Amino acid sequence: MITRRSALRSLALTTGALAFTSPLLRSQDAAVTKDAEGVFKLPALGYDYDALEPFIDAETMKLHHDKHHAAYVSRLNQAVATVPGLETKTIEEILAAIGSIPENARQDIRNHGGGHANHALFWQTLKKSEGGVPVGEVAAALNLKFQTFAIFQEQFNQVAMSVFGSGWAWLVLREGSLIIEKTSNQDSPLMTGGFPLLGVDVWEHAYYLKHQNRRAEYLAAFQNVINWEFVSERYQQAMAKPPAPANPA
């Protein structure tokens, strides 16, 4: 029997879910578009939630994409709407000039714009590739910089493990050189003039359902879901046309 209390609780949960979820979540074929509901949209994963099993579980992918990323997009749109002129810029342009954003909106755009950009790249760099290795020009560049792929993996994981609390570890192109670095919260290398090629999300929501607090276990699993073909293409594009220097954050 449905009581008044249970009915109200059901209504509250449903209303909250609708407010939290972008309409574009209803279709995995959605692209990044602009319309009256907001400048920025949640990009589709481009693959099924369970495509990365057993390394990243389907439930984590669903929550991470449909809830966490969707929330960043929603709140980014709210922040962008308070600064005339930003609606015509890409998220990369906005983050590269984060220091020029009016102070009253800067932190929200830093947090939620970074969250949107970081995750939009993250989904594209994921592909089930157990034992996968770099390919193309980025493979040669990694060997030149780190001597071997194994050394790169070790150093990348060390940096990811050293992130205190929430943040990311990155493979970044800076002035033509490959660098491993980390950022806190949802900061992006774009904010300091870097061009991110590959990033691993070490916020606990990225791995806690499967790996609990075992970040090292998650990082080992992550090595089996890197789309090195995409990373290589991104590297080639960046080397062909290096990004303009960013304004200081």
Side-chain angles (χ1 to χ4, degrees), residues 22 24-25 27-32 40-73 91-92 114-136 138-139 142 149 152-153 156-157 159-161 163 166-173 178 180-183 186 188-190 194-211 214-238:
S22 164
L24 288 179
L25 291 177
S27 171
Q28 281 299 306
D29 295 325
V32 180
F40 296 100
K41 296 299 180 184
L42 182 72
L45 281 177
Y47 42 82
D48 294 335
Y49 297 120
D50 64 356
L52 307 178
E53 294 269 15
F55 304 107
I56 301 181
D57 59 292
E59 187 63 20
T60 292
M61 290 298 293
K62 183 175 177 63
L63 289 171
H64 199 173
H65 177 270
D66 292 12
K67 300 299 184 181
H68 292 284
H69 190 176
Y72 287 124
V73 173
I91 190 58
E92 292 82 8
H116 173 44
N118 292 349
H119 285 89
L121 176 61
F122 186 57
W123 309 134
Q124 295 180 83
T125 60
L126 298 180
K127 176 184 178 181
K128 190 173 179 180
S129 56
E130 187 170 359
V133 297
V135 297
V138 78
L142 285 168
F149 178 52
F152 161 74
Q153 286 180 304
F156 187 83
N157 287 347
V159 170
M161 287 296 295
V163 175
S166 300
W168 294 71
W170 300 95
L171 175 64
V172 179
L173 186 65
L178 293 178
I180 299 171
E181 58 188 49
K182 59 185 175 181
T183 57
Q186 291 296 352
S188 165
L190 292 166
F195 188 81
L197 299 173
L198 172 69
V200 60
D201 187 349
V202 293
W203 285 62
E204 286 189 341
H205 65 237
Y207 61 90
Y208 202 81
L209 290 182
K210 181 177 179 66
H211 300 287
R214 300 185 296 272
R215 184 185 289 184
E217 182 179 288
Y218 161 66
L219 292 172
F222 174 75
Q223 293 292 334
N224 292 291
V225 292
I226 298 174
N227 185 345
W228 282 112
E229 290 83 1
F230 174 82
V231 175
S232 182
E233 290 173 5
R234 189 168 171 84
Y235 173 78
Q236 288 177 260
Q237 292 168 2

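All figures in this text were calculated on a predicted structure; none of them were measured in a lab.
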Do the side chains of R215 and V163 get nearer than 4.5 Å, heavy atoms only?
yes

Residue from L52, L209, D50 passing side chain to side chain contact (heavy atoms under 4.5 Å, CB included) with M61
L52

Going by side chain to side chain donor-acceptor pair (under 3.5 Å), name the residues that satisfy it together with W228, two or more places apart in sequence or in a different chain.
none

Without swapping roles, check the side chain of E53 against the backbone of A58 for a donor-acceptor pair under 3.5 Å.
yes

Could you tell me whether the side chain of R234 and the main chain of P196 form a donor-acceptor pair under 3.5 Å?
yes

Closest heavy-atom contact between S232 and V135?
OG-O, 3.1 Å

Taking only residues two or more places apart in sequence, or in another chain, which ones meet E181 in a salt bridge (charged side-chain N to carboxylate O under 4.0 Å, His left out)?
R174

Quick check: closest heavy atoms across I91 and F40, and the distance to 0.1 Å?
N-CE2, 3.7 Å

Should E217 and K210 count as side-chain neighbours, where that means a heavy-atom distance under 4.5 Å?
no

Begin with the C-alpha distance, continue with both residues' side-chain angles, and end with the deciding distance and a verdict on side-chain contact (heavy atoms from CB on, under 4.5 Å) for L63 and H205.
CA-CA 8 Å; L63 289 171; H205 65 237; over 6 Å; no

Rounded to the nearest 0.5 Å, what's the gap from CH2 on W170 to CZ on F156? Could you check?
9.0 Å

Pairwise distance OH(Y72) to CD(Q186) - rounded to 0.5 angstrom:
3.5 Å

Go through the steps to decide whether L198 and Y235 satisfy the test side-chain contact (heavy atoms from CB on, under 4.5 Å), and finish with yes or no.
CA-CA 10 Å; L198 172 69; Y235 173 78; over 6 Å; no

Do the side-chain N and O atoms of D66 and Y49 include a donor-acceptor pair separated by under 3.5 angstrom?
yes

Atom CZ in F195, atom CD in E92: separation rounded to 0.5 Å?
8.0 Å

Correct closest heavy-atom pair for A206 and T60 would be O-CG2, 3.3 Å

Between F152 and I180 the two heavy atoms that sit nearest each other are CD1-CD1, 3.7 Å

Is there a donor-acceptor contact under 3.5 Å from the side chain of H211 to the main chain of E204?
no

Test log, rule side-chain contact (heavy atoms from CB on, under 4.5 Å), inputs F222 and L126:
CA-CA 9 Å; F222 174 75; L126 298 180; 3.7 Å; yes

Within the side chain of D201, is there an N or O that forms a donor-acceptor pair under 3.5 Å with the backbone of W203?
yes

Full working for side-chain contact (heavy atoms from CB on, under 4.5 Å) between V172 and L197:
CA-CA 6 Å; V172 179; L197 299 173; over 6 Å; no

Locate the shortest heavy-atom distance separating P134 from L142; write the atom from each residue and the value.
CG-CD1, 3.6 Å

Is there side-chain contact between N157 and Q223, with heavy atoms separated by less than 4.5 Å?
yes

Which pairs, with at least one residue in residues 121-130 and sequence neighbours excluded, count as a side chain to side chain donor-acceptor pair (under 3.5 Å)?
H69-W123

